[in-house]
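As structure tokens, the structure follows; a few thoughts come after it.
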Amino acid sequence: MEYIRIATIEDEFEAQILASILAERQIKHYLKSFHDSAYDGLFQRNYGWGALFAPKNNEQEILEIIEDIRKSV
């Protein structure tokens, strides 16, 4: 199954909540952090914490979950 980039994750807190919800709903995914110790997190400050990758058929559901998380924080 091919994974695509679904969204940019703003911070570690959002990543943890999102991963928990997706695991609970059994939606396959992976999170890729933009942190690079050589640059001391420079890319995270400019581009967000990281990115979420998942199958295309889950894209809309995941975007709705992210929107709900961002509204509630």
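Any value given below was found using the heavy atoms of this structure, including those in side chains, with hydrogens, waters and symmetry copies removed.
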**Request:** Enter the distance from N58:CG to Q26:CD here, rounded to the nearest 0.5 Å.
**Result:** 11.5 Å
**Prompt:** How would you list, by chain and number, every residue that makes a side-chain contact (heavy atoms from CB on, under 4.5 Å) with K56, sequence neighbours excluded?
**Reply:** I4, E59
**Item:** Set of side-chain contact (heavy atoms from CB on, under 4.5 Å) partners for L18, sequence neighbours left out
**Value:** I9, L22, L52, I65, I66, I69
**Request:** With side-chain contact (heavy atoms from CB on, under 4.5 Å) as the test, would you mind laying out the steps for T8 and W49 before giving the verdict?
**Result:** CA-CA 7 Å; T8 299; W49 180 88; over 6 Å; no
**Message:** According to side-chain contact (heavy atoms from CB on, under 4.5 Å), who are the partners of A23, at least two apart in sequence or on a separate chain?
**Reply:** none
**Asked** So, for A15 and L31, which heavy atoms are closest and what is the spacing to 0.1 Å?
**Response** O-CD1, 3.7 Å
**Item:** Greater than 12 external heavy atoms within 6.0 Å of Y3's OH
**Value:** yes
**Message:** Would the distance check show the side chain of E67 and the main-chain N or O of L63 forming a donor-acceptor pair, the cut-off being under 3.5 Å?
**Reply:** no
**Request:** Go through the structure and list residues passing side-chain contact (heavy atoms from CB on, under 4.5 Å) with D68, not counting sequence neighbours.
**Result:** none
**Complete:** Residues passing the ring-ring contact (aromatic ring centres under 6.0 Å, His included) test with F53, sequence neighbours excluded, are Y30
**Prompt:** Applying salt bridge (Lys or Arg N to Asp or Glu O under 4.0 Å), which residue pairs with at least one partner in residues 24-33 are found, sequence neighbours left out?
**Reply:** R25-E61
**Complete:** One should read off an interatomic distance between I6 CD1 and Q60 CD, to the nearest 0.5 angstrom, of 10.0 Å
**Item:** Rounded distance [0.5 Å steps], CD1 in I21 versus CD in Q16
**Value:** 12.0 Å
